[in-house]
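Structure first, commentary second.
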Amino acid sequence: MVEAFDDNSNNKLPELKLDTKQAQGFLSFFKTLPNDSRAIRFFDRRDYYTAHGENATFIAKTYYHTTTVLRQLGSGSDPLSSVSVSRTMFETIARDLLLERTDHTLELYEGSGSNWRLVKSGTPGNIGSFEDVLFANSEMQDSPVVVALSLNYRENGCTVGLSFVDLTKRVLGMAEFLDDSHFTNVESALVALGCKECLLPSESGKSTENRMLCDALTKCGVMLTERKKSEFKTRDLVQDLGRLVKGSIEPVRDLVSGFEFAPGALGALLSYAELLADESNYGNFTLRRYSLDSYMRLDSAAMRALNVLESKTDANKNFSLFGLMNRTCTAGMGKRLLHMWLKQPLLNVNEINLRLDVVQAFVEDTVLRQDLRQHLRRISDIERLVHNLQKRRAGLAHIVKLYQSSIRLPYIKSALERYDGPFSSMMKSRYLEPLELWTDDDHLNKFIGLVEASVDLDQLENREYMISSSYDPTLTKLKEQQESLENQIHKLHRQTADDLDLPVDKALKLDKGTQFGHVFRITKKEEPKIRKKLNSQFVVLETRKDGVKFTNTKLRKLGDQYQQVLEEYKSCQKELVNRVVQTAATFSEVGTYILFFDHLILLPQVFESLAELISELDVLLSFADLASSCPTPYTRPEITSSDEGDIILEGSRHPCVEAQDWVNFIPNDCKLIREKSWFQIITGPNMGGKSTFIRQVGVNILMAQVGCFVPCDNASISVRDCIFARVGAGDCQLRGVSTFMQEMLETASILKGATDKSLIIIDELGRGTSTYDGFGLAWAICEHIVEVIKAPTLFATHFHELTALSLENASDDQQKRIVGVANYHVSAHIDASTRKLTMLYKVEPGACDQSFGIHVAEFANFPESVVALAREKAAELEDFSPSALSLTDTTNEFGSKRKRVYEPDEMSQGVTKARQILEAFVDLPLETMDKMQALQELRKLKDNLEKDAENCRWLQQFL
Ligand SMILES: Nc1ncnc2c1ncn2[C@@H]1O[C@H](COP(=O)(O)OP(=O)(O)OP(=O)(O)O)[C@@H](O)[C@H]1O
């Protein structure tokens with residue numbers, strides 16, 4: 001939701017002025033528009049815009065927060081609700097609809113009376129012709145992507161054909177993979193690609209299987225667009241791609257033939273984005289194979305749990321990793337690259353180390369860092385400028401900006417040349433050599449020469465983009481005429497001053513205005529002195545407070561001539577400006593004819609590669625700035641492949657929490673060691689720092705794989721191929737147990753996607769609930785992770801009983817031995833006399849030994865009566881708590897008073913039965929079941945448990 005707008009905007013609401021005839025005409029047109037619940041339609045009324053019907057109500061409620069702004073159009077029984085918005089408000093709404101929300105499309109109509117036509121349309125994935133409106137006054141931070149999916153269901157899951165288009169970068173991609181019933185792979189692909197909109201064959205959203213898919217799209221905030229099944233076709237695809245894609249057709253054909261379902265999806269995308277309709281697209285696209293295994297996979301829950309991207313609810317920019325890490329200084333480009341990198345952390349150790357090498361070079365050489373920053377700041381958004389050139393939307397201003405960026409390159413080059421640290425040979429080959437090549441006389445220097453010869457660079461200070469008069473003979477001649485006329489006018493000025501016996505400039509002034517052109521002016525005080533001459537030899541034009549304006553035939557004639565020459569000069573300028581842009585735009589023609597004919601190089605490709613290089617430098621520089629500017633500097637992580645090494649973070653912090661002004665962050669160690677502490681259960685009081693701790697581990701790993709230093713004293717990280725995060729819904733208690741069960745089931749089945757190379761973060765499954773079914777499932781999930789998946793896991797929980805998992809380590813029963821589970825807790829201190837609780841935020845080995853819930857309530861200033869009641873209830877409940885499970889255990893690890901004791905026999909019998917049930921649950925083929933089936937199976941298991949419990953008191957407590 002867009003929160004605050006200009007307070008006055010309500011008062012300044014443009015008035016909807018239509019006479020009866022116009023209103024009638026419009027109403028009859030409006031009725032003919034097809035129904036489209038997603039479309040927000042605006043009508044351009046020259047000075048302002050209007051929206052009508054349900055759209056008007058939506059806009060009034062969403063953006064003005066009141067329906068009082070609505071007006072009724074037309075008389076009679078069926079008036080049309082209408083709202084009018086100013087130009088700036090329209091831009092704000094367009095930005096919100098297309099860049100922030102993903103539930104509407106936008107249409108703009110132009111016309112009058114009953115004659116209107118659609119001139120612009122855009123969707124969140126394809127902002128299309130709204131690009132100019134959206135980024136006229138702001139940077140483009142992220143480039144949207146549209147995905148199309150073609151699904152083929154098999155017995156065990158489904159094959160997904162995926163294709164995507166990034167219209168800003170002009171990239172097409174294809175992928176094909178198997179997926180489970182929760183579409184875990186689709187989800188991570190959507191996240192990695194930054195997808196805003198997804199095309200599916202129509203009707204497919206209604207099948208049961210696809211309902212899950214729609215859930216996945218919703219989780220990722222992706223708009224679903226249905227297209228006719230017939231559009232998912234592959235006929236003529238290779239031919240069409242041949243026109244769009246750079247280079248020869250063979251590689252395209254080879255790539256397409258390697259897929260079974262993705263080509264259909266690509267066919268749908270081409271027709272949806274109407275790529276073939278715009279000739280400027282021809283030869284400008286690249287097509288690539290997209291592999292899910294190229295980058296660390298992140299699902300939408302992980303993106304949220306790790307606060308990777310900005311959200312509107314963030315209190316400040318440091319709340320998200322993007323906000324914290326974004327210290328980029330080039331316009332737009334660096335931000336977009338950072339966005340992409342955060343969605344696509346690397347897996348290859350060498351590639352990660354390469355980025356880390358550059359960051360280290362920048363961290364160690366402060367002068368280099370400052371130099372580069374100073375020059376990068378002056379670089380424009382080259383990527384978008386070239387995009388405009390290719391789209392033939394560029395003007396002289398675009399060319400000049402490219403020129404201004406180009407002339408910065410030698411400075412960037414020499415800053416890099418001065419670096420003589422340990423990574424100098426890498427810096428040379430990665431940055432200096434390409435820069436050297438691109439800036440030589442055959443490449444950018446040629447462009448610089450062209451601009452310097454043709455553009456009047458002196459006028460840039462006045463923000464005027466003009467062609468140098470010396471560039472063109474006609475301009476030169478006109479300029480000379482203009483100067484000669486100016487001289488004559490000045491001569492006449494001096495002569496007239498002599499004749500009137502007035503000092504030049506001091507008393508007799510020469511003015512140049514829009515109304516009268518060149519005129520003489522004297523003050524009113526002087527006027528009586530020369531009134532006689534004034535009346536006889538001159539024509540008085542105007543008498544005002546600031547003086548008397550007058551002219552004579554000579555001045556008028558010269559002034560008119562001057563004006564005429566000026567007009568001619570302007571129109572010649574305009575024509576030349578267009579021509580210069582065309583000349584420059586020929587650089588962007590990929591047609592080889594032009595290139596060979598003119599001996600020009602592919603300038604757009606040079607600029608595109610340059611944009612890549614510059615934005616990479618910018619983002620890595622930004623990482624270095626962050627690493628060295630924090631109060632406790634970041635450190636370079638040591639990276640090992642995913643089969644080797646452990647995950648050791650010493651003195652680690654959560655970068656976003658640490659960056660909050662009011663937090664004095666307590667660093668913690670996390671040592672995920674294979675076979676020893678690969679699975680960690682974290683317990684402790686509410687607000688004790690559990691979530692922060694487990695998330696900070698995920699965040700540190702993600703940062704390292706993006707190529708950034710990490711907020712630790714020492715870090716060694718075994719590369720992770722995906723991060724799974726399950727963060728319990730906070731309102732679970734309110735939604736009831738069945739939702740809670742579903743959450744558990746979902747978690748259990750989603751975890752099937754994880755492997756020993758992933759990282760799993762589970763935070764408070766079924767937060768705060770005391771359902772023992774939940775506990776049973778949580779236990780089953782843990783066992784499954786430890787024994788089958790073997791992924792390093794951080795499990796923060798309120799189920800203290802889970803800490804007993806680690807006891808299995810010590811079990812004599814070798815067959816059932818669970819290896820690698822360790823308990824940790826966040827520590828807190830209770831002052832015995834004052835009952836005051838102090839959070840220490842220190843993560844320590846072992847399970848938490850006290851129940852702190854009530855103290856936290858005190859901490860949070862709950863009313864005393866509530867706290868007293870809670871204490872009473874807790875005392876009652878503890879009698880029946882399953883912590884009795886370990887009562888006969890000799891350790892008193894779980895502490896507190898325990899009254900109910902079970903016979904050892906009764907307990908071991910019960911445990912065996914319970915375990916059988918849990919194992920039966922783990923064996924359920926959840927990936928092939930829908931929720932209803934799964935719940936039915938679960939109910940059966942529960943019925944069995946009830947039967948078993950009839951003779952076992954220990955089991956009864958779980959019912
Ligand atoms: N290491 C730390 N150093 C300083 N402050 C911290 C640390 N960890 C957490 N905090 C602060 O404590 C607050 C609560 O932390 P967090 O949400 O991680 O607790 P929790 O144990 O997960 O709580 P709950 O069980 O209620 O979810 C955080 O908002 C943060 O301000």
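For ligands, and for the atoms within them, numbers begin at 1 and follow the listed sequence. Sequential numbering from 1 along the given sequence is applied to the chain's residues. For the numbers below, each heavy atom of this structure counts, side chains included, while hydrogens, waters and symmetry mates do not.
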Between Q660 and N316, do the side chains contain an N or O donor and an N or O acceptor separated by less than 3.5 Å?
-> yes
P685 heavy atoms within 4.0 Å reach ligand 1 at atoms 21 (O)
For Y841, the ligand 1 atoms with a heavy-atom partner under 4.0 Å come out as 1 (N), 2 (C), 3 (N), 4 (C), 5 (N), 6 (C), 7 (C), 8 (N), 9 (C), 10 (N), 11 (C), 12 (O)
Check: of T797, V826, I694, T692, min heavy-atom distance to atom 8 (N) of ligand 1 comes from T692
Lys/Arg N to Asp/Glu carboxylate O, K671 vs D646, below 4.0 Å:
no
For the residue pair S320 / E310, report whether a side-chain donor-acceptor contact shorter than 3.5 Å exists.
no
- For side-chain hydrogen bond (donor to acceptor under 3.5 Å, both in side chains), just list the numbers for E658 and N318, CA-CA rounded to whole Å, side-chain angles, deciding distance to a tenth of an Å, and then say yes or no. CA-CA 9 Å; E658 175 189 48; N318 289 342; over 6 Å; no
Is there side-chain contact between T692 and V826, with at least one heavy-atom pair below 4.5 Å?
no
Can an N or O of G688 be found at a distance shorter than 3.5 Å from an N or O of ligand 1? yes
request  = May I ask you to check whether K690 has an N/O atom sitting below 3.5 Å from an N/O atom of ligand 1?
outcome  = yes
### Query
With a 4.0 Å cut-off on heavy atoms, does N664 reach ligand 1?
yes
From the list K690, R726, R695, salt bridge (Lys or Arg N to Asp or Glu O under 4.0 Å) partner of D763 resolves to R695
| request: Examine G689 against ligand 1 and note whether any of their N/O atoms are separated by less than 3.5 Å. | output: yes
Nitrogen or oxygen of M687 less than 3.5 angstrom from that of ligand 1 = yes
